[in-house]
Amino acid sequence: MDSGALNIKKWVVMYPVYINSKKTVAEGRRISLSKACENPNCIEISDCCKHLKLPSAVEIDKAYPRDFMQVGRVRVQLKREDGTLLNPAITSRKQLMQKIAELVPRHPERVKKQESQKAKKQEPQATTSTSGTSSKSGKGGKKKR
């Protein structure tokens with residue numbers, strides 16, 4: 001058990017802030033704005049690592065130091081004990097961040113959320129167009145003399 005914990009300590013740390021397009025470089029973003037994705041979370045990052053066939057571990061109890069309200073981080077193993085790469089396409093932290101930021105918008109949970117939001121937006125438009133004008137209720141406040 002201890003040897004597994006020691007191995008994880010040597011893995012690369014990925015905070016969601018690193019690839020968040022809503023954050024500035026001063027707030028912690030580490031890749032260019034054009035390559036970043038909007039509001040990623042730890043679960044999406046972990047799933048993307050599984051897709052890239054990289055071992056990962058989610059640490060929910062950890063927080064990003066610059067923004068401690070942003071909870072969670074992911075540890076990812078890039079290299080084996082002997083120093084060989086697990087995925088030859090990903091050689092550095094920067095490449096890992098760019099690949100994950102590329103994959104997060106296509107994550108199945110995000111696609112479901114976007115489809116449900118589109119359906120919700122279409123429903124209110126249909127109901128408001130049929131209702132017509134809205135009437136104001138209430139007195140309108142105290143009048144000055």
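In this chain, residues are counted from 1 in sequence order. The structure presented is a predicted model; accordingly, all values stated were derived computationally and were not measured.
- Residue Gly72 comes nearest to Cys42 through the heavy atom pair C-SG, 3.2 Å, listed as atom of the first residue, atom of the second, then distance.
- Residues satisfying the salt bridge (charged side-chain N to carboxylate O under 4.0 Å, His left out) test with Arg110, not counting sequence neighbours, are Glu44.
- The distance from atom CD1 of Ile43 to atom CD of Glu109, rounded to the nearest 0.5 Å, is 10.0 Å.
- Other residues sharing the hydrophobic cluster of Phe68, ordered by chain and number and joined by side-chain separations under 4.5 Å: Met69.
- Atom NZ of Lys35 and atom OG of Ser21 lie 14.5 Å apart (nearest 0.5 Å).
- Here the straight-line distance linking atom CG of Asn39 with atom NZ of Lys22 works out to 6.5 Å at 0.5 Å rounding.
- Glu27 is linked by a salt bridge (charged side-chain N to carboxylate O under 4.0 Å, His left out) to nothing, counting only residues two or more places apart in sequence or in another chain.
- Taking Asp47 as the reference, His107 meet the side-chain hydrogen bond (donor to acceptor under 3.5 Å, both in side chains) condition, with sequence neighbours excluded.
- Residues meeting the salt bridge (charged side-chain N to carboxylate O under 4.0 Å, His left out) test with Lys99, sequence neighbours left out: none.
- In terms of heavy atoms, Arg66 sits closest to Ala26 at NH1-O, 2.9 Å.
- Of all heavy-atom pairs spanning Ser32 and Arg29, the tightest one is C-NH1, 3.7 Å.
- Pairing each heavy atom of Ser46 with each of Ser56, the nearest pair is OG-OG, 3.3 Å.
- At distances below 3.5 Å, not a single donor-acceptor pair connects side-chain atoms of Arg75 with backbone N or O atoms of Ala57.
- Atoms CG and NZ, from Leu33 and Lys23 in turn, are 13.5 Å apart once rounded to the nearest 0.5 Å.
- Leu52 shares a hydrophobic cluster with Val12, Val13, Met14, Tyr15, Val17, Tyr18, Ile19, Ile31, Ile45, Leu54, Val58, Ile60, Tyr64, Val74, Val76, Leu78, Leu86, Ile90, Leu96, Met97, Ile100, Leu103, Val104; the chain of contacts runs through ILVMFWY side chains whose heavy atoms sit under 4.5 Å apart.
- Considering all non-hydrogen atoms of both residues, Ala101 and Pro105 come closest at O-CD, 3.1 Å.
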